[in-house]
Amino acid sequence: MARVWIFGNDVNTDQIVPGRYAPYMLKNEDDLRKYPFVEARPDFAPNAQPGDLIVAGSNFGCGSSREYAPLALKMVQVGAIISPLFARIFFRNALNLGIPCFTADLTNTLQDGQQVEMDLEGGIITTEDGMRIELPAPPTFMREVWRSGGIVNYYRTYGRFPGEQ
Amino acid sequence: MAQTLSEQILSHAAGHTVQAGDVVTVQVGLAMMHDSLSPSIIKVLHQELGAERVWSTEDIAVVIDHVAPAANIQTAEAQTKLRRWVREQDITHLFDVGRGISHQVLVEEGLAQPGMVVVGSDSHSTAYGCVGAFGTGMGTTDVALVLATGRTWMRVPETVLVRAHGRFRPGVSAKDLALRAARIIRAEGATYAAVEWHGVDFLSIGDRMTLATLSIEVGGKAGIIPPTGEAAAGLNVPDWLGVQEGATYKQIVDIDLEKLEPQVSVPHFVDNVADLTEVGRVAVDVVYLGTCTNGRYEDMAAAASVLKGRKLAKGMRMLVVPASSESLRLASEDGTLNTLLEAGATIGTPGCGACIGRHMGVLAPDEVCVFTGNRNFRGRMGSPRANIYLTSPEVAAATALTGYITHPQDVLVAEEV
């Protein structure tokens, strides 16, 4: 089971990891795992379990290009992020790191703290009371990048960028 | 078929004609990396990608601007390692502590050129649009891939067109135009799109950078100003680059500068913008003039024109962090610096300063800051309990004199009467 963490609209990267907690500023880079939403939602990092879902409003991840924002989410093994609209750089960074992102607005469908089953391959969420939510299928290249575990492995495997012949 | 500036530049960089929506691989003209993300970029390049050398020693610029000078032992050590890596890789362009903010420096140095694809490890890399380049921000992994291959892949963006009409009234400037556009387009309105700014031929390259940097705050992948007008006369514009009649725009926004009032971005979202006259009496503790958006010579000069012969309000602090050493030199040369100092402002090392809340003016809980930068997100400049208002340099200077958010004309006209 995966816990649902609900966030609002326009969650920016300063909310996900403030600049003061960048790996550049830390004595131990691995400490980054302690800091996702350190100020915006202090109960997140200590309680997040592998596979948990972030269900956010629109424009998730707007702001800075800091890849350590999605990296911090990867370190706590977030299962997927679901938002009706991802900010561009965050989306790209998350894809590069192999974090599944689905484009849908479930902030009014699911509740914070709810336990659900997430089928990543099929893009299907099933709630405890049997509700089945089918997420829009991401483009094929995106699934390929996820399966590779990120863009670095993808590039090393295929010797080309997505979309390139 | 007529093309937007982005379509023209990306067609050129892809080597074939492209249009919005296409996913293409393009040749990168210039790659910028700064001290904050460089350690992770270098790690991905060597350890994960297994590349030994960068693709070009000439087309990469390394800038130490995010924590400059170093604030603690970690950043000092990381910067030492970065300098060593630059030497090992034989990279030509290293701009060290005090030279200034990457975006400003790369434009001053003539490295960012019209028609070029410029990528940077910084979201405000849209800045390079001020000279008619396609500038875009990327994270660690994408920049590492560029360093290894000289190429990147992207979706060709649609374009949101902002058309300015007329001229600014006294006390109103490029920042007000950009904030007004953010108020209309909103924070997510240009996501995955580029922003083109037309009708601004009369603006300096610096003012164009104000527009270009704020393009990311509406989600823009790039923010491009056509390289025309007096300020662009010295640029080497390729003959294939220019506004084409009949290009397709996703949205067109018209702004009448003759009617534009000073704009204020109210905490904690950049697009939460109001006319200055609507925000009421907001008491301010600190005024911060700086950043790639408004920390240039012309911004300091605009502030000095308001501060001249006057003193900061009692209890007010005003920090000025020039965008570059060249901006600082120009301000020193014509007396602008003296005017700032005589009014009671203080000057920091050119660089990003407190914009990322790491050093040189971090805010305390409940402090109110008027900031000429580009983000007022909660916790951006320090405590999540601080409040940041974004304004033009003119409004920032007037505010420093009165202690509350003030229209520059209220200071200037009051004295004349």
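Order of the sequence lines sets the chain letters (A, B, ...), proteins ahead of strands, with each chain counted from 1. Small disclaimer: the values here were computed from a predicted structure and weren't measured.
- Checked for salt-bridge contact, B:Glu48 and A:Arg156 miss the test: no charged N lies under 4.0 Å from a carboxylate O.
- For A:Asp10, the parts lying near chain B are the backbone and the side chain together; criterion is any non-hydrogen pair under 4.5 Å.
- Neither the backbone nor the side chain of A:Leu71 comes within contact range of chain B; no heavy atom of the residue lies under 4.5 Å from a heavy atom of that chain.
- Separation of atoms CD (B:Glu188) and CG (A:Leu85) is listed at 5.0 Å; rounding is to 0.5 Å.
- Counting heavy-atom pairs closer than 4.5 Å to chain B, the top-ranked of the candidates A:Leu97, A:Asn93, A:Val152, A:Thr13 is A:Val152.
- Side chain of B:Arg375 to backbone of A:Gly63: a donor-acceptor contact under 3.5 angstrom is found.
- Interface residue B:Ile216: only side-chain heavy atoms are found under 4.5 Å from chain A.
- The 12-atom threshold is not exceeded at CD of A:Gln111, counting heavy atoms of other residues, nucleotides or ligands nearer than 6.0 Å.
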Test side chain to side chain contact (heavy atoms under 4.5 Å, CB included) on A:Tyr68 and B:Thr140; report intermediate values, then the result. CA-CA 8 Å; A:Tyr68 55 83; B:Thr140 297; over 6 Å; no
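- Between atom OG of residue B:Ser36 and atom CE of residue A:Met25 there is a gap of 8.0 Å, rounded to the nearest 0.5 Å.
- Within the cation-pi definition used here (under 6.0 Å to the ring centroid, within 45° of the axis), A:Arg160 does not qualify as a partner of B:Trp153.
- The residue among B:His359, B:Arg151, B:Met154 with the most heavy atom pairs within less than 4.5 Å of chain A is B:Arg151.
- Looking only at heavy-atom pairs under 4.5 Å with chain A, the residue among B:Val23, B:Thr25, B:Ile356 that has the most is B:Thr25.
- With a 4.5 Å cut-off on non-hydrogen atoms, B:Asn374 does not touch chain A at all.
- The pair A:Glu29-B:Lys43 meets the salt-bridge criterion, with a side-chain N (NZ, NE, NH1 or NH2) lying under 4.0 Å from an Asp/Glu carboxylate O.
- Of the listed residues B:Thr141, B:Leu37, B:Val143, the one with more heavy-atom pairs under 4.5 angstrom with chain A than any other is B:Thr141.
- A donor-acceptor contact shorter than 3.5 Å is absent between the side chain of B:Arg380 and the backbone of A:Asp14.
- To the nearest 0.5 Å, atoms CZ (B:Arg358) and OH (A:Tyr24) are separated by 7.5 Å.
- At distances below 3.5 Å, not a single donor-acceptor pair connects side-chain atoms of B:Arg378 with backbone N or O atoms of A:Ala40.
- Interface summary for chain A: among B:Ser125, B:Ala187, B:Ala78, B:Ala71, the most heavy-atom pairs under 4.5 angstrom belong to B:Ala187.
- Neither the backbone nor the side chain of A:Pro70 comes within less than 4.5 Å of any heavy atom in chain B.
- Within the 4.5 Å cutoff, the side chain of A:Phe161 has no heavy atoms near those of the B:Thr152 side chain.
- Few gaps surround CD on A:Glu144; more than 12 heavy atoms of other groups in view lie less than 6.0 Å from it.
- Interface residue B:Val44: only side-chain heavy atoms are found under 4.5 Å from chain A.
- Counting heavy atoms from C-beta on, the side chains of B:Leu145 and A:Ile151 come closer than 4.5 Å.
- Summarising the geometry, atom OG1 belonging to B:Thr75 is positioned 11.5 Å from atom CG belonging to A:Leu26; distances are rounded to the nearest 0.5 Å.
- Judged by distance alone, the side chain of A:Ser65 and the main-chain N or O of B:Gly139 form no donor-acceptor pair under 3.5 Å.
- Under 4.0 Å is where a charged nitrogen must lie from a carboxylate oxygen, and between A:Arg92 and B:Asp142 at least one such pair does.
- A side-chain donor-acceptor contact under 3.5 Å links B:Tyr192 to the backbone of A:Phe86.
- A:Glu67 and B:Ser40 form no side-chain donor-acceptor contact under 3.5 Å, judged by distance and modelled atom types alone.
- Side-chain atoms of A:Arg88 and B:Thr136 include a donor-acceptor pair closer than 3.5 Å.
- Most heavy-atom pairs under 4.5 Å with chain A: of the set B:Thr191, B:Asn72, B:Asp35, this distinction falls to B:Asp35.
- Chain B forms the most heavy-atom pairs under 4.5 Å with one residue out of A:Ala69, A:Cys62, A:Gly19, A:Pro162, and that residue is A:Pro162.
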